[in-house]
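Order of the sequence lines sets the chain letters (A, B, ...), proteins ahead of strands, with each chain counted from 1. On a predicted model such as this, the values are computed, not experimentally measured, just so you know.
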There are 2 protein chains.
Amino acid sequence: MSTRLQHELKKKQPFEVAEQAAALGLVRTNDQLQIHFSRLFRQFGLTPSQYNVLRILRGEGAPLPILEIADRTVTVVPGITGLIDRLEAAGLVKRARCDEDRRVVYVALTSKASKLLAKLDQPVVDLHKRLMGHLSRSELNELTRLLDKVRSGLPESEP
Amino acid sequence: MSTRLQHELKKKQPFEVAEQAAALGLVRTNDQLQIHFSRLFRQFGLTPSQYNVLRILRGEGAPLPILEIADRTVTVVPGITGLIDRLEAAGLVKRARCDEDRRVVYVALTSKASKLLAKLDQPVVDLHKRLMGHLSRSELNELTRLLDKVRSGLPESEP
DNA sequence: CGATAATAGTTTATACGTAAACTAAGTGAG
DNA sequence: CTCACTTAGTTTACGTATAAACTATTATCG
């Protein structure tokens, strides 16, 4: 796997390679991690996106408008509708129209979702440790810092 | 959100939080980068997955069996079929049955694809620099090293 | 040699990401 | 007040990720 990456990098001299290598490494690493998390969530009947939405709602501790949820995930607006649809069909969230502004739809966790999240907490932490545990504390901190720095300098996404 | 939970989390902080922070940073950063790359590729009529397949074929310099391509992308087997279907419909690849082993389907780049890739090379490099250029060379190298280390210690994906 | 297993790939079904076009409800200028 | 504008959300359409079941071909074992 990394042999291919090395190979690819060799072809393009020392100029733009540093940026490219970092970006490719990021994509590849993310892909690998996603495989493991997808598997874990699937064992509990969830997709990564669904888990993400539930986590956001739990973190907020109160119902949120649909578009606010879409903002906090990277989910684009149209995608959020079906996502919430399926969560509602699974009995994990409830929709409720706002009375003051009838355009707004609030989404709230059900107690079923709270219990499911609670059951997932330990396995999620365990998986994080299993996937990242071979890095030292200072390496993890440095990685986090560098990733933050990458994001901080990114051009604006909204056109 | 009881006090007990908060307390519980605080106690765990020094331990598994570093792993979690790094993993979350990775996912978020990747999401942000993907947005920009998707946009660039779309301007050339490609999706990120399609570009990835074309790059792999160019890197190899020769036709590859479909499942070999699937292996090198993170694409799962059934997904690769439609991906190649659409690339073929767009005139960017050709399928060819292997004569020795008639189960195998080789996929080859067309000249149209080679030209398209050539046109994309500079914009891709430019985008990499635009997205990652605010990190110093040594930061980029360190980031790449850490990402490689994450992948090197990952548990096997194949069950 | 023939039944059986393994391999390469496709089909089917569900979920998600994304853009474009649409509906419904609130806002503001004349 | 009313008509244009904005905002919240949904529908539609296409590409992709994934698992499960299926076809076709080759390999293997008894």
Between P of D:dT18 and CG of A:L40, the distance in whole Å: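 In whole Å, D:dT18 P and A:L40 CG are 15 Å from each other.
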For [X], check side chain to side chain donor-acceptor pair (under 3.5 Å) against everything at least two apart and list the hits.
X: B:R42; answer: none
X: B:R102; answer: none
X: B:T47; answer: none

Residues clustered with A:V104, ILVMFWY side-chain links under 4.5 angstrom: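 When side chains under 4.5 Å apart are linked, the cluster holding A:V104 also contains A:Y106.
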Could you pull out all donor-acceptor pairs under 3.5 Å where a side-chain atom in residues 111-120 of chain B meets a protein atom, sequence neighbours excluded?
unit_1, atom_1, unit_2, atom_2, d
B:K112, NZ, B:A90, O, 3.0
B:S114, OG, B:T110, O, 3.4

Identify, with sequence neighbours excluded, every residue that meets salt bridge (charged side-chain N to carboxylate O under 4.0 Å, His left out) alongside [X].
X: A:R72; result: A:E60, A:E68
X: A:D85; result: A:R95
X: A:D148; result: A:R151

Heavy-atom contact window of chain A on DNA chain C, given 5' to 3' at under 4.0 Å: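 Contact boundaries, 5' end first: C:dA15 to C:dG26.
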Nucleotide-resolved protein contact map, nucleotides 11-17 of chain D, B/S/- at heavy-atom distance under 4.0 Å: B---SBS
A:R42 vs D:dT18: side-chain N/O to OP1/OP2 distance below 4.0 Å: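 For D:dT18, neither OP1 nor OP2 has a side-chain N or O of A:R42 closer than 4.0 Å.
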A:E139/B:R145 salt bridge by N-O under 4.0 Å criterion: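 A salt bridge is present here (some side-chain N lies under 4.0 Å from a carboxylate O).
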Of all pairs that satisfy salt bridge (Lys or Arg N to Asp or Glu O under 4.0 Å), the ones with a partner from residues 20-31 of chain B, not counting sequence neighbours: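 Every pair satisfying salt bridge (Lys or Arg N to Asp or Glu O under 4.0 Å) with a residue in residues 20-31 of chain B: there are none.
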Earlier contact from the 5' end, DNA chain D, for A:P65 and A:Q34: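 Closest to the 5' end, via its nearest nucleotide, is A:P65.
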DNA chain C contacts among residues 89-103 of chain B, heavy-atom distance under 4.0 Å: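 Contacts with DNA chain C under 4.0 Å: B:R95, B:R103.
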